[in-house]
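To start, the structure under review is shown below, and the notes come after it.
Keep in mind that the numbers below use all heavy atoms, side chains included, and drop hydrogens, waters and symmetry copies.
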Amino acid sequence: MEGIIPCFGLYLVQAQLAGDIHGAPPGSFVSQLAEIMAGIKTTQKMAEFWLQVVAELRRLWNEGQPIPWLPIDDNPDLQYCLLHQRLQVINCCIARKKRHLAALKMLDSGNVEDDPNNKDQVTYPVSETWAQNLNTIAPALYAKTKTGELVPRLGVLHPAENLTMLETGEPVFSPIIQEGPVLTEDLIRETEELILRTGSVGAGCSQLLSDMQAFKAANPGCILEDFVRWYSPPDWSEVEADHLSDETSAKDDVSSRRGRLSSRMQSKGNLWQELWESAKPIPAAKQAPLFDEDLAGESTLSYLEEIAPSDFFEQLFIVAVSNGKSFYHVHF
């Protein structure tokens, strides 16, 4: 026990130093790579060894196997070196691809037949008798619309706490939504520069539209106010029924259902209203992907294959220093 505490203390010191100087976590893949490289005497042999490492990384990627000694499904940790972040991208993309396949299998194994190639598809009502029989087994799979039809819910994650749809009274379910991009520090910087130069918010609009479509698929009969209450609660305020004026209670008023949307949501030409009108009920697993895991993985492997020796050795040197190693005996 006495030997464990000093070792743990040393690990904490090394981990903190690694983050402070942009190294890599002790015991991680890059940390062990730096230690091995420190024992190789010539740059030629270093280069040959690195090519073997990249070939092995490509094999793992092609087989869908995560890189060892790295988190399996964490976004890149920006406090560590770019080499560590890039390897995290590969593991993250592998995990996401597996989740996507699992979600597709779950949809395809359901009782509702749909066409995965038709992105304009809507969910069709099923007979009430048939649906009632199924509801005894899986009551959360269907929602009753205001016309009384039972429509299947698709891409459901879990019930949303204390929320029911305003027009139907059916419980609101949180949908499975598409995950955001996996970004390393250099890609974050490039994205910020692009936004500053062009003022573009296209990526944000795409994510919002995708989330709206997933919400509609999971909550048949929902309206924009339901989505806002779930997605952006500050843009909805509850109002007691007896305090609503006749004007506010008008049928076509967006603030007429036990509350009201914020001023920005009610403004003419509001982007959320336009996107909601164009959104179709498509679960996230069947939408066009917002982030291409295959492209990201291949781009990362290309980065590893083409990395400049000066950049590569600089990062490994910092990693070695942060983990108490030294390259003093290696001649570059």
Lys45 atom NZ, over 12 foreign heavy atoms within 6.0 Å: no
Verify side chain to side chain contact (heavy atoms under 4.5 Å, CB included) between Gln65 and Ile94, making sure each step is shown before the conclusion. CA-CA 7 Å; Gln65 300 297 321; Ile94 290 173; 5.9 Å; no
Heavy-atom side-chain proximity of Phe227 to Val172 below 4.5 angstrom: no
Quick check on the hydrophobic clustering: are Phe49 and Leu301 connected, directly or via other members, by side-chain heavy-atom contacts under 4.5 Å? yes
Report the distance from atom OG of Ser322 to atom CZ of Phe317, rounding to the nearest 0.5 Å. 10.5 Å
Side chains of Pro25 and Trp69: does their closest heavy-atom pair fall under 4.5 Å? no
Just so I know, are the side chains of Tyr231 and Leu208 near enough to count as touching, which here means a heavy-atom distance under 4.5 Å? yes
Angle between ring planes, Trp50 versus Phe312, binned at 30° and 60°: parallel, tilted or perpendicular? tilted
Side chains of Arg153 and Leu141, heavy atoms from C-beta outward: is any pair under 4.5 Å? no
How would you list all residue pairs meeting ring pair (Phe, Tyr, Trp, His ring centres under 6.0 Å) that involve residues 178-197, not counting sequence neighbours? none
Can you confirm whether His84 sits close enough to Leu70 that some side-chain heavy atom of one is under 4.5 Å from a side-chain heavy atom of the other? yes
Verdict with supporting geometry, Arg86 and Asp186, salt bridge (Lys or Arg N to Asp or Glu O under 4.0 Å): CA-CA 10 Å; Arg86 290 280 191 165; Asp186 56 331; 2.8 Å; yes
Can you see whether Trp61 has Lys97 sitting over its ring - NZ or CZ less than 6.0 Å from the centre and within 45° of the normal? yes
For a quick test of reading the model, state the closest non-hydrogen atom pair linking Gly221 to Met165 and the distance between them. C-SD, 3.9 Å
Stepwise, does the salt bridge (Lys or Arg N to Asp or Glu O under 4.0 Å) test hold for Glu192 with Arg189? CA-CA 5 Å; Glu192 291 173 346; Arg189 186 164 53 249; over 6 Å; no
Hydrophobic cluster membership, with links at side-chain heavy-atom distances under 4.5 Å among I/L/V/M/F/W/Y: are Leu60 and Leu295 in one? no
After noting the C-alpha distance and the side-chain angles of Glu149 and Lys144, does the key distance pass the salt bridge (Lys or Arg N to Asp or Glu O under 4.0 Å) rule? CA-CA 5 Å; Glu149 295 172 314; Lys144 183 179 289 187; over 6 Å; no
Distance col, row Asn91:CG vs Phe29:CZ, nearest 0.5 angstrom, shows 10.0 Å
Are Leu87 and Ile72 in one and the same hydrophobic cluster, where Ile, Leu, Val, Met, Phe, Trp and Tyr link if side-chain heavy atoms are under 4.5 Å apart? no
d(Leu154 CG, Gln213 CD) to nearest 0.5 Å is 13.0 Å
Consider only side-chain heavy atoms of I, L, V, M, F, W and Y, link residues closer than 4.5 Å, and tell whether Leu107 and Leu101 are in one cluster. no
pair Trp236-Glu225: side-chain heavy atoms closer than 4.5 Å: yes
Measure the shortest side-chain to side-chain distance between Leu183 and Leu78 over non-hydrogen atoms and say whether it is less than 4.5 angstrom. no
The test is side chain to side chain contact (heavy atoms under 4.5 Å, CB included); show your working for Met106 and Ile176 and say whether it passes. CA-CA 12 Å; Met106 183 173 65; Ile176 298 171; 3.9 Å; yes
Rounded to the nearest 0.5 Å, what separates atom NE2 in His100 from atom NZ in Lys105? 12.0 Å
Is there a side-chain contact between Gln88 and Asn75 (heavy atoms, below 4.5 Å)? no
Test of understanding: clusters of I, L, V, M, F, W, Y form through side-chain heavy atoms closer than 4.5 Å, transitively. Do Trp276 and Leu271 belong to the same one? yes
Considering all heavy atoms of both residues, which atom of Ser174 and which atom of Trp230 are nearest to each other, and what is their separation? OG-NE1, 2.9 Å
If we check side chain to side chain contact (heavy atoms under 4.5 Å, CB included) with Gln44, which of these qualifies: Lys41, Met46, Glu48? Glu48
Before you tell me yes or no, could you show the steps for Asp73 and Arg99 under salt bridge (Lys or Arg N to Asp or Glu O under 4.0 Å), namely the whole-Å CA-CA distance, both residues' side-chain angles and the distance that decides it to 0.1 Å? CA-CA 11 Å; Asp73 191 19; Arg99 273 200 300 277; 2.5 Å; yes
Find the distance between CZ (Arg260) and CG (Asp235) and round it off to the nearest 0.5 Å. 13.5 Å
If every non-hydrogen atom of Leu316 is compared with every non-hydrogen atom of Ala34, which pair is closest and at what distance? O-CB, 3.8 Å
Residues joined to Phe291 in its hydrophobic cluster, side chain to side chain under 4.5 Å directly or through other members, sorted by chain and number, are Val89, Val182
Least distance between heavy atoms, Ala214 atom then Pro175 atom: O-CB, 3.4 Å
Residues Glu63, Arg58: salt bridge by 4.0 Å N-O rule: no
Approximate separation, where rounding is to 0.5 Å, of Cys92 SG and Gln85 CD: 12.5 Å
